[in-house]
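One structure is given below, represented as structure tokens, and several questions about it will come after.
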Amino acid sequence: MTKRYIVQTMGCQMNVHDSRRIEEVLRASGWQATDEATLADLVIFNTCSIREKAEHKLMSALGTVRPLKDARKDVVIAVAGCVAQQEGENLLKKARFVDVVLGPDNIPELPALVEHARSGGAPIARTVFDVHAPAFLDATPDPTRLEVNAFVTVMKGCDERCTYCVVPHTRGPERYRSADEIVREVGSMVDGGVREVTLLGQTVNSWFEPRGETQSSAEPSSEPPRWAGSVVETSQFAELLRRIAREVPALARLRYTSPHPRHLTDALIEAHAELGVLSDHLHLPVQSGSDRVLKRMLRRYTRGLYLERIAKLREAVPALTLSTDVIVGFPGETDEDFEETLSLVRAAGFTAAFAFKYSPRPFTPALKLGDDVPEAVKDERLQRLFAVVGEQQRAHLDGLVGSRQRVLVEGPSRDGVRFQGRTHRNEIVHIAGPEGVDLTGQLVDVTVEHANNHSLMGLAEGVVPAAPAPRRKRLPVLGGAAGGAA
Ligand code: 5AD
Ligand code: SF4
């Protein structure tokens with residue numbers, strides 16, 4: 001009899017990526033997907049714990065499957081992802097009808113754990129980091145659908161200790177994937193029809209070639225790190241980008257997320273100037289514009305360093321657009337601190353931002369700072385921030401009306417009439433094209449006719465034949481750190 005599963009994914013791109021691996025592992029063990037929870041023999045929640053709200057989402061989602069479990073005792077309920085890692089066995093006590101709790105590094109064990117549950121075994125939690133033998137599950141393109149974009153993991157875990165963040169606890173220390181494996185996976189994605197690859201990692205640009213047993217660049221230390229810091233020149237990420245560009249020339253576009261500002265090395269800036277395949281957009285989380293808050297967040301850079309880095313990047317890539325993450329209402333954040341954030345948002349000219357109200361998380365150092373900014377103040381700051389970013393985004397998009405943009409088409413727009421894609425700088429474009437022609441997966445030259453608040457509308461002028469991305473002129477060495485610190 002066919003065994004059916006359904007996965008519900010919450011949270012970030014890493015979870016989206018992990019859910020794909022979960023599905024691949026299950027399919028290899030004879031499971032089939034269903035969209036209907038009532039038909040499923042296995043329900044998996046791939047969870048997020050970055051903010052309390054995300055965790056609440058799991059609890060209400062679990063509430064909805066409870067009747068399913070009551071009606072059919074043989075249905076297996078599994079919780080994977082960050083809440084699973086954070087809570088472990090505790091979760092089995094909190095939600096007694098959960099059968100399997102699975103950490104992000106234990107995905108390959110899922111089929112065996114599910115069989116254990118199906119044969120009447122006791123509820124079980126497996127949340128062990130693969131620190132001593134890090135493994136990265138190979139991703140394979142889905143042959144049943146044309147995929148334009150794909151994620152490729154280059155590292156996992158985080159050695160930073162941002163005081164608000166639960167990720168070092170839920171994802172463990174940094175572990176890096178070998179360049180050979182990464183390049184092979186990017187190549188197989190492109191062979192399978194993928195045009196754009198996004199390299200993934202919690203601090204993706206701290207990547208370096210793994211050197212065997214001890215991989216972590218900075219073993220968690222009892223010494224408090226120097227907060228203001230400077231750019232860390234040990235990353236080999238720029239070299240990795242060059243190698244991908246060289247060895248997979250058919251790749252149309254390369255992105256990466258999320259970089260940490262202190263790993264935005266001169267070598268990486270130079271790679272941006274040099275590699276035509278690299279997107280002219282960077283999502284570079286800043287979190288706050290106040291040095292006082294950055295220090296308490298232990299971000300290990302100053303406002304000045306952040307602005308200096310992006311100025312250098314813009315010098316190298318004048319067309320660059322930037323987006324960011326901001327937390328408002330971090331403990332002790334004053335009106336003046338928040339004004340500093342607004343002024344940084346203006347100075348940096350972000351054209352998009354994800355902004356969040358501070359949410360106290362378990363196991364994080366900021367817990368002891370309390371949560372003293374009133375909810376109403378957090379709300380107001382969030383609204384003011386969105387207003388500034390919204391204005392900047394609108395002005396930026398308005399400025400593009402009448403221009404010609406090259407768009408990678410991702411699929412039909414929601415209106416079912418147009419196609420939707422993104423420019424090299426990440427602007428979303430809705431395209432009217434010739435009737436009856438599927439533009440999905442094509443690079444299309446588009447004349448921009450109109451700007452909405454968050455996207456552009458344009459007319460397809462012509463399809464660009466698939467060809468290697470042109471190289472930019474090699475720029476002179478910036479700051480004397482050519483080629484990275486390999
Ligand atoms: N509260 C609010 N936002 C948070 N983030 C991480 N931890 C917290 C927290 N405790 C935000 C940061 C990060 C993004 C993924 O989530 O802005 O960049
Ligand atoms: Fe969290 Fe900071 Fe690591 Fe990002 S760099 S995952 S915010 S601890």
Side-chain angles (χ1 to χ4, degrees), residues 13 16-17 20 139-152 185-200 244-245 248-257 275-283 317 319-321 323 351-352 393 396-472:
Q13 282 152 339
V16 173
H17 186 265
R20 285 288 296 271
T140 41
D142 185 342
T144 63
R145 51 187 162 164
L146 174 62
E147 290 188 296
V148 181
N149 323 84
F151 294 116
V152 170
E185 190 162 299
V186 173
S188 84
M189 290 290 175
V190 171
D191 289 346
V194 163
R195 309 286 326 265
E196 175 187 283
V197 164
T198 303
L199 305 179
L200 265 191
I244 294 171
V248 194
L251 179 64
R253 198 175 279 167
L254 182 60
R255 299 178 187 274
Y256 58 89
T257 196
L275 304 175
V277 70
L278 263 187
S279 162
D280 286 349
H281 165 257
L282 196 64
H283 181 75
V317 186
L320 187 90
T321 56
S323 58
T351 49
Q393 184 174 48
H396 170 70
L397 294 177
D398 281 346
L400 295 174
V401 174
S403 71
R404 207 167 218 244
Q405 301 292 328
R406 187 155 289 182
V407 179
L408 177 59
V409 180
E410 294 171 355
S413 286
R414 248 185 258 155
D415 65 8
V417 179
R418 292 164 209 268
F419 283 89
Q420 182 181 316
R422 279 175 303 144
T423 68
H424 211 44
R425 280 189 312 241
N426 216 33
E427 293 109 8
I428 296 169
V429 188
H430 300 282
I431 309 162
E435 224 171 285
V437 180
D438 186 355
L439 296 174
T440 306
Q442 305 284 354
L443 276 172
V444 178
D445 282 332
V446 174
T447 300
V448 178
E449 298 185 311
H450 177 77
N452 302 322
N453 282 341
H454 306 290
S455 63
L456 298 168
M457 314 286 281
L459 191 65
E461 304 285 1
V463 172
V464 183
R471 274 173 184 263
R472 286 199 181 93

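Scope of the values below: all heavy atoms of this structure, side chains included, with no hydrogens, waters or symmetry mates. Source: prediction; values computed, not measured.
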Determine whether T423 and L408 make a side-chain contact, defined as any pair of heavy atoms from C-beta on separated by less than 4.5 Å. no
Under 3.5 Å, side chain of T321 to main-chain N/O of R425, donor-acceptor pair present? yes
Heavy-atom side-chain contact between R422 and R255 under 4.5 Å: yes
Run the side-chain contact (heavy atoms from CB on, under 4.5 Å) check on L282 and Y256 step by step: do they pass? CA-CA 8 Å; L282 196 64; Y256 58 89; 3.3 Å; yes
Do H283 and S323 pair up side chain to side chain, a donor and an acceptor below 3.5 Å, judged on atom types alone? yes
Kindly determine whether Q442 and T440 satisfy side-chain hydrogen bond (donor to acceptor under 3.5 Å, both in side chains), including the steps that lead there. CA-CA 6 Å; Q442 305 284 354; T440 306; over 6 Å; no
Checking the side chain of E449 only, and the main-chain atoms of M457 only, is there a donor and an acceptor separated by less than 3.5 Å? no
Flag, side chain of S455 to backbone of N452, donor-acceptor distance under 3.5 Å: no
Taking the side chain from S413 and the backbone from D415, do they hold a donor-acceptor pair closer than 3.5 Å? no
Using a strict 4.0 Å threshold on nitrogen-to-oxygen distance, state whether E461 and R406 make a salt bridge. no
Are the side chains of L397 and E427 in touch, meaning some heavy atoms are under 4.5 Å apart? yes
Any sub-3.5 Å donor-acceptor pair from Q420's side-chain atoms to I428's backbone N or O? no
When you measure from the side chain of R418 to the backbone N and O of I431, does any donor-acceptor pair fall under 3.5 Å? no
Quick check for you: to the nearest 0.5 Å, what is the distance between L254 atom CG and E196 atom CD? 8.5 Å
Using a 3.5 Å distance criterion without hydrogens, assess whether the side chain of H424 forms a donor-acceptor pair with backbone atoms of R253. no
Under the criterion side-chain contact (heavy atoms from CB on, under 4.5 Å), which of V194, V197, T198 is the partner of F151? T198
